[in-house]
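Structure, as structure tokens:
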Amino acid sequence: MENAGNEVVFKKETVAKLLARSFKEDKTKVSSDAVMLVAEMLKVFVEEATRRAVKQADSEDCDTVDIEHFEKILPQLVSFMFMHVLDVSSFFL
Amino acid sequence: MDEDEAQKQRLKAAVHYTVGRLCQDIAADCEKQITKQTIAAIAETAFRQCDIFAKDLEAFASEKHCTLSIPSQYNYIQQKSEELALNNQELKEKRKKNAAKRKSKDMEAEEENELED
């Protein structure tokens with residue numbers, strides 16, 4: 001999971017298998033670049049989710065990030081990711 | 001448990017592992033603890049998010065009748081993230097200004113009422 005820089009990333013094989021499971025058509029293929037991009041987007045999603053939950057916990061003077069903090073920030077996070085997908089997808093249209 | 005379900009559980013576990021490490025790193029960075037329950041919830045949401053990405057991307061690919069192939073778009077995403085962050089910042093400041101305006105308007109109205117009395 002770590003590369004030379006000690007960075008935590010989603011493994012390409014994992015992401016590729018996840019995507020393949022979700023495709024409706026058997027013939028849909030995905031390039032290596034696209035897999036890397038989705039891996040990056042997933043990482044952005046997780047980092048945003050965590051940072052926003054931390055901020056929420058902070059605003060409530062909590063030292064521990066609880067599931068309630070995550071639930072509170074989830075709606076805005078989802079719309080944030082939706083906009084990201086729209087932006088990325090504009091390359092295809 | 002059939003093969004498909006078994007693969008699903010393996011993939012979920014893999015996602016959970018990476019999510020856990022990302023969450024712990026960020027929490028430690030911010031000098032906070034994060035509960036296992038929260039990490040599990042984020043992992044579950046990320047797993048579902050991937051399903052959404054896949055279906056959206058497949059829909060776009062079929063529109064253009066091509067294989068999804070993306071030259072390096074990382075700079076674009078980074079740029080968009082920065083724009084979004086800036087936009088959020090501007091919105092926050094706008095809201096603060098409006099709140100302050102409303103507050104001063106309310107105070108003026110109160111003062112006027114007091115004078116009238």
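All values derive from a computational prediction rather than experimental measurement. In what follows, every chain begins at residue 1, and chains take the letters A, B, ... in the order their sequences are listed.
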Does A/Q76 CD have over 12 foreign heavy atoms under 6.0 Å away?
no

Side chain proximity check, A/T14 to B/T18, heavy atoms < 4.5 angstrom
no

If you count heavy atoms of other groups shown closer than 6.0 angstrom to NZ of A/K43, is the number above 12?
yes

Any sub-3.5 Å donor-acceptor pair from B/T38's side-chain atoms to A/V65's backbone N or O?
yes

Taking atom CG of A/L18 and atom CZ of B/F53, what is their separation to the nearest 0.5 Å?
11.5 Å

Atom CD in A/E7, atom CZ in B/R21: separation rounded to 0.5 Å?
11.0 Å

Here the gap from B/Q33 atom CD to A/D63 atom CG, rounded to the nearest 0.5 Å, amounts to 8.0 Å

Heavy atoms, side chains only, cut-off 4.5 Å: are A/K55 and B/C30 in contact?
no

Does a salt bridge link A/R21 with B/D4, judged by any charged N lying under 4.0 Å from a carboxylate O?
yes

Looking at A/V15, A/V78, A/D66, A/V38, which one has more heavy-atom pairs under 4.5 Å with chain B than the rest?
A/D66

Result for side chain to side chain contact (heavy atoms under 4.5 Å, CB included) between A/F70 and one of B/I34, B/T35, B/I42 points to B/I42

Name the region of A/E25, side chain, backbone, both or neither, that has any atom closer than 4.5 Å to a heavy atom of chain B.
both

Does B/K32 use its side chain to pair, donor to acceptor, with the backbone of A/C62 at less than 3.5 Å?
yes

A/L37 reachable from B/I52 in the ILVMFWY side-chain graph, under 4.5 Å edges
no

